[in-house]
J.: 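Below you will find the structure I want to go over with you.
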Amino acid sequence: RSRYVYAVRRKDTFDVLASVLAIAGDGVAVAGGFLLATWLRFSSGWIPLMHDRPPPADIMALMYGWSSVFAAVIFLLVFRFLGLYVRPQVGVFSDKIPRLVRGVGMGILVSTALAFAIRIEPYPPFSRLVLLLAFFVVTLAVILERYLLFRWELHAARHGASTNRVLIVGADDIAAHLRRVLQREPRLRSVVAGFAKCDNEPLDQSIEADAILGTIDELDGLIERHRIDQVILASSRISHQRMVEIVLLCEKSMVTFKVIPDLFRIMLGDVDVQMVDDIPLLGISRWPLDYFWNRALKRCEDCVGALLGL
């Protein structure tokens, strides 16, 4: 159990840091985008005011200043709902732009609804043009900020140590392809410790003999001996009953379990889906203590309980 906790802490450090930076960056981008939209509308001189008059400076600063902070909180909740703070993030940045735009659009809709639903006298109503400008300005700001963060995460992952030791169950062409995919994606910080061969399974020619750590019957010992953090099932030569036994073994050993989905015929109530290059993986969702904030809450609970018991 101590090895498991230590491994999770190592893997969590970078992921939590990246998530916190994303939250902070999004908050600054959203609040700054709203303030910039306000300046473009009322102070830049680029947009004619026509018959409108800008509110007094003190009222405008109070209205739009605090509103930008409030909008940032709304956007962060929307982004959290869309899973934009899940780490590690893999793939190319262009694939993430549609979800970012969707998040900004949802944030603008919620902010607009609240802005016109909540009227505080004697403040004037919010400018519709400011909200329209905010959509484009915030979208550009968030995409730019996320792109910079994306490049930093990729750079840090390429120069960081691997913290996730993977054991692949199977040694056929699918298993060999999975190893190549994991090696190409540095943000997973995974290293393939080796393969566990199944009975009567053809060995892929690209898999070296010394990479075969043992057979599937030795899985329990292989996990402990090679300090495995994750087991991925990539063989189709396993019965449903044997598959269930592997799942239970991983749960007992507190090891993450994933399987290539076209082999996964067991109905599970809680399934985690992850795309690794062109290979989709299904697995049981992470254990509660895998999450940093759950462990932090558990530690606070332990400290409070210890103080009360003194």
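Since the model is a prediction, treat every value here as computed from it, not as a measurement. Heavy-atom basis, side chains included; hydrogens, waters and symmetry copies ignored.
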J.: Run the side chain to side chain contact (heavy atoms under 4.5 Å, CB included) test against Val28 and tell me which residues pass, sequence neighbours left out.
T.: none

J.: For residues Ala72 and Val30, report the shortest heavy-atom separation together with the two atoms involved.
T.: CA-CG1, 3.6 Å

J.: Under 4.5 Å between any side-chain heavy atoms of Tyr64 and Ser127, yes or no?
T.: yes

J.: I'd like to know whether Thr112 forms a side chain to side chain contact (heavy atoms under 4.5 Å, CB included) with Val110, so could you lay out the CA-CA distance, the side-chain angles of the two residues, the decisive distance to 0.1 Å, and finally the verdict.
T.: CA-CA 5 Å; Thr112 301; Val110 175; over 6 Å; no

J.: So which heavy atom on Ala156 is nearest to which on Phe14, and how close?
T.: CB-CE1, 3.4 Å

J.: For residues 205-216, pull every pair meeting salt bridge (charged side-chain N to carboxylate O under 4.0 Å, His left out), keeping only residues two or more places apart or in separate chains.
T.: Arg179-Glu208

J.: Would you say Ile47 ends up clustered with Val138 if hydrophobic residues are merged whenever their side chains have heavy atoms under 4.5 Å apart, either directly or through other cluster members?
T.: yes

J.: At what distance, to the nearest 0.5 angstrom, does CG of Leu233 lie from CD1 of Ile246?
T.: 5.5 Å

J.: Would you find a donor on one side and an acceptor on the other, under 3.5 Å apart, between the side chain of Ser206 and the backbone of Asp204?
T.: no

J.: When you group the ILVMFWY residues by side-chain heavy-atom contacts below 4.5 Å and let the links chain together, are Val104 and Ile97 in the same group?
T.: yes

J.: Treat each ILVMFWY residue as a node, draw an edge where side-chain heavy atoms are under 4.5 Å apart, and state whether Val191 and Leu222 are in one component.
T.: no

J.: Over all heavy atoms of both residues, which pair between Ala196 and Leu167 is shortest? Give the atoms and the distance, please.
T.: N-CD1, 4.0 Å

J.: Give a yes or no answer on whether the side chain of Arg187 reaches the backbone of Gly91 with a donor-acceptor pair at less than 3.5 Å.
T.: yes

J.: When rounded to the nearest 0.5 angstrom, what distance separates CZ in Phe136 from CD1 in Ile108?
T.: 10.0 Å

J.: Which of parallel (below 30°), tilted (30 to 60°) and perpendicular (above 60°) describes His155 and His159?
T.: tilted

J.: May I ask whether Leu131 and Val101 are part of the same hydrophobic cluster, defined by side-chain heavy atoms of I, L, V, M, F, W, Y residues being less than 4.5 angstrom apart, directly or through others?
T.: yes

J.: For the residue pair Asp229 and Val255, establish whether any side-chain heavy-atom pair is separated by less than 4.5 Å.
T.: no

J.: Look at the side-chain heavy atoms of Ile, Leu, Val, Met, Phe, Trp and Tyr, link any pair under 4.5 Å apart, and say whether Leu109 and Phe116 land in one connected group.
T.: no

J.: So with a 6.0 Å cut-off around CZ of Arg180, is the heavy-atom count from everything else above 12?
T.: yes

J.: Which heavy atom of Leu82 sits nearest a heavy atom of Gly103, and at what distance?
T.: CD1-CA, 3.4 Å

J.: Tell me, please, which residues at least two apart from Ala141 pass side chain to side chain contact (heavy atoms under 4.5 Å, CB included).
T.: Ala29

J.: Taking Glu218 for the side chain and Thr215 for the main chain, is one N or O donor matched with an acceptor at less than 3.5 Å?
T.: yes

J.: Considering all heavy atoms of both residues, which atom of Ser190 and which atom of Asn164 are nearest to each other, and what is their separation?
T.: OG-ND2, 3.0 Å

J.: Only counting residues at least two apart or in another chain, list the ones meeting ring-ring contact (aromatic ring centres under 6.0 Å, His included) with His226.
T.: none

J.: Could you grab the distance from atom CZ of Arg225 to atom CG of Asp220, nearest 0.5 Å is fine?
T.: 10.0 Å

J.: Does some side-chain heavy atom of Leu154 sit less than 4.5 Å from a side-chain heavy atom of Pro186?
T.: yes

J.: Step by step, work out the side chain to side chain contact (heavy atoms under 4.5 Å, CB included) result for Val166 and Ile228.
T.: CA-CA 6 Å; Val166 177; Ile228 300 301; over 6 Å; no

J.: Answer yes or no: is there a side-chain heavy-atom contact under 4.5 Å between Arg242 and Asp217?
T.: yes

J.: Rounded to the nearest 0.5 Å, how far apart are OG1 of Thr256 and CD1 of Ile232?
T.: 9.5 Å

J.: Report the distance from atom CD1 of Ile143 to atom OG1 of Thr139, rounding to the nearest 0.5 Å.
T.: 6.0 Å

J.: Show the nearest heavy-atom pair for residues Ala211 and Ile207, with the distance to one decimal.
T.: CB-CG2, 4.2 Å

J.: Under 30°, 30 to 60°, or over 60°: which ring-plane class applies to Phe34 and Phe75, parallel, tilted or perpendicular?
T.: perpendicular

J.: Aromatic ring centroids of Trp66 and Phe126 under 6.0 Å?
T.: no

J.: Which residue pairs pass the salt bridge (charged side-chain N to carboxylate O under 4.0 Å, His left out) test with at least one member in residues 94-106, sequence neighbours excluded?
T.: none

J.: Please name all residues satisfying side chain to side chain contact (heavy atoms under 4.5 Å, CB included) with Leu140, sequence neighbours left out, ordered by chain then number.
T.: none

J.: A quick test of your reading: do over 12 heavy atoms of other residues, nucleotides or ligands sit less than 6.0 Å from CZ of Arg165?
T.: yes

J.: Could you give all pairs that pass the salt bridge (charged side-chain N to carboxylate O under 4.0 Å, His left out) test and reach residues 138-154, with sequence neighbours left out?
T.: Asp26-Arg146, Arg87-Glu153

J.: Tell me every residue that passes ring-ring contact (aromatic ring centres under 6.0 Å, His included) with Phe150, counting only those two or more places apart in sequence or in another chain.
T.: Phe93

J.: Evaluate side chain to side chain contact (heavy atoms under 4.5 Å, CB included) for Ile168 paired with Leu178, printing each intermediate quantity in order.
T.: CA-CA 8 Å; Ile168 299 177; Leu178 176 60; 4.0 Å; yes

J.: Checking Trp46 now: which residues fulfil ring-ring contact (aromatic ring centres under 6.0 Å, His included) with it, not counting sequence neighbours?
T.: Trp39

J.: Would you check, one step at a time, whether the test side chain to side chain contact (heavy atoms under 4.5 Å, CB included) holds for Asp15 with Val86?
T.: CA-CA 8 Å; Asp15 290 343; Val86 176; over 6 Å; no

J.: Residues in side chain to side chain contact (heavy atoms under 4.5 Å, CB included) with Ser94, at least two apart?
T.: Val92

J.: Considering only residues two or more places apart or on different chains, which pairs with a residue in residues 67-79 satisfy side chain to side chain donor-acceptor pair (under 3.5 Å)?
T.: none

J.: Hey, could you give me each pair passing side chain to side chain donor-acceptor pair (under 3.5 Å) that has a residue in residues 191-202? Not counting sequence neighbours.
T.: Glu201-Ser235

J.: Between Val169 and Ile216, is any pair of side-chain heavy atoms under 4.5 Å apart?
T.: yes

J.: Taking the side chain as C-beta and beyond, is there a heavy-atom pair between Val259 and Val247 under 4.5 Å?
T.: no

J.: Side-chain contact test, heavy atoms from C-beta onward, threshold under 4.5 Å: evaluate it for Val231 versus Leu249 and give yes or no.
T.: no

J.: For the residue pair Ile23 and Leu76, establish whether any side-chain heavy-atom pair is separated by less than 4.5 Å.
T.: yes

J.: Could you measure the distance from the CG atom of Leu100 to the OH atom of Tyr147? Nearest 0.5 Å is fine.
T.: 14.0 Å

J.: Should the heavy atoms of other residues, nucleotides or ligands under 6.0 Å from OH of Tyr85 be counted, would the total exceed 12?
T.: yes

